[in-house]
Number of protein chains: 2
Amino acid sequence: MKSSPPLPGDELDPEACIKSQVLLEAIGRRWTGAVLLAAHRGATRFGDYRRMVPGISDRLLSQRLKELEHMGLIEREVIPTTPVQILYRPTKDGAGLMTALQPLIAWGTRHFILDGSPA
Amino acid sequence: MKSSPPLPGDELDPEACIKSQVLLEAIGRRWTGAVLLAAHRGATRFGDYRRMVPGISDRLLSQRLKELEHMGLIEREVIPTTPVQILYRPTKDGAGLMTALQPLIAWGTRHFILDGSPA
DNA sequence: CTGAATCCAATAGGATACTG
DNA sequence: CAGTATCCTATTGGATTCAG
């Protein structure tokens, strides 16, 4: 986002603003942060994530992993053993995102925003 | 979030993880990023936001402003003129969040994630 | 073990109209 | 100007069950 002097009245720079909003909405979905963090912390198997993100259902975990894969943040690798092993690992982009996320996470950790009900 | 060696199997550090997830979900809601940015860019009046965030409805704008106020990220000030003026301005915390958000925004601007449909 | 399928309840958000 | 109220639909996410 560019930083022109405050001129209320002009629309927000669409190019950067929209991309940021899309990203925020994507990683702001329920459990996504935790799944991302689990990947960053070394989770690889489906069961790893399931254990490291307690409370998430299989359905949502599967969905979140697909979304993250679709966004190019994690990679799905199939190891043809018997039974097959599936590995989910952060991509370079995923690692980069985690880095970019650190200041926000640090900020959020210091400021105890509020309970889960924003409304 | 702390960075211990990868030990898949233990739960994620709840203290920081949950806070981060709550924060991410809060600012990941639709329009929230844009509203926050508008505040950062100098919007103060309700109409300012309305113009700077094209597409948002009055209902959602009102709701987002309330949420951000509730989170302590913006302040609502009533100026008792006639008619009354209402000002919405970033708090110190809000400004701090924007700072913490910069790396993420920069990252998102460089990486053109995808269209709006993650599923 | 790694999911996919289904069903259901809750929520979010868009559109519109109206008010002090 | 600064919202609120209402209605309506789409989307979300939880729970459970089934399958390769």
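Residue numbers begin at 1 in each chain, while the letters A, B, ... track the order of the sequences.
- Remark: side-chain polar atoms of B:T91 are not paired, donor with acceptor, to backbone N or O of B:E75 under 3.5 angstrom.
- With rounding to the nearest 0.5 angstrom, the CG atom of B:L24 is 5.5 Å from the CG atom of A:L104.
- Side-chain proximity of B:Y88 to C:dG3, D:dG3, D:dG13: nearest is D:dG3.
- For a distance-only test at 3.5 Å, the side chain of B:R59 fails to qualify as a donor-acceptor partner of the base of D:dG3.
- When the side-chain nitrogen and oxygen atoms of B:K66 are compared with OP1 and OP2 of D:dA2, none of them lie within a distance under 4.0 Å.
- In terms of heavy-atom proximity, A:Y49 sits nearest to A:T44 at CE1-O, 3.6 Å.
- Annotation for B:R64 and B:T32: closest pair CD-OG1, 3.0 Å, computed over non-hydrogen atoms.
- Counting all heavy atoms, side chain and backbone alike, A:S20 lies closest to B:T109 at OG-OG1, 4.1 Å.
- Distance CD (A:Q63) to P (D:dA15): 15 Å, rounded to an integer number of Å.
- B:E67 has its CD atom 14 Å from the P atom of C:dT11, to the nearest Å.
- When the local axes at the two ends of the helix from C:dC1-D:dG20 to C:dG20-D:dC1 are compared, using 5 base pairs at each end, they differ in direction by 50° after rounding to 10°.
- Neither OP1 nor OP2 of C:dT11 sits under 4.0 Å from any side-chain N or O of A:R30.
- Atom pair A:R50:CZ and C:dA4:P shows a separation of 12 Å (rounding to whole Å applied).
- B:D48 has its CG atom 12 Å from the P atom of D:dG3, to the nearest Å.
- Side-chain proximity of A:R45 to D:dG13, C:dT2, D:dG3: nearest is C:dT2.
- For the pair B:Q85 and A:D58, both in contact range of DNA chain D, the more 5′-proximal nearest nucleotide belongs to B:Q85.
- Between the CG atom of B:L60 and the P atom of C:dT11 there is a distance of 16 Å, rounded to whole Å.
- A:R76 comes within 4.0 angstrom of sugar-phosphate atoms only, judged by non-hydrogen atoms across all strands, and of no base.
- For the atom pair A:K19 NZ and B:I105 CD1, the distance stands at 13.0 Å (nearest 0.5 Å).
- Dashed line: the shortest gap from a side-chain N or O of B:R29 to OP1 or OP2 of C:dA12 is under 4.0 Å.
- Map B:I56 and A:P83 each onto its nearest nucleotide of DNA chain C; the residue landing nearer the 5' end is A:P83.
- Classification of A:K66 and A:E69 as a salt-bridged pair fails, no side-chain N sitting under 4.0 Å from a carboxylate O.
- In this structure, B:Y49 reaches neither bases nor backbone, as no heavy-atom distance under 4.0 Å exists between it and the strands shown.
- The CG atom of B:L65 sits 14 Å away from the C1' atom of D:dC1 (whole-angstrom rounding).
- At least one donor-acceptor pair under 3.5 Å links the side chain of B:Q21 to the backbone N or O of A:R29.
- One can place CD1 of A:I74 at 13 Å from P of C:dT2, the figure rounded to the nearest angstrom.
- Nearest nucleotide to the side chain of A:W31, out of D:dG14, D:dG3, C:dA4: D:dG14.
- Across all strands, B:S57 comes closer than 4.0 Å to no nucleic acid atom at all (heavy-atom distances).
- In this structure, B:R64 atom CZ and D:dA2 atom C1' are separated by 18 Å, rounded to whole Å.
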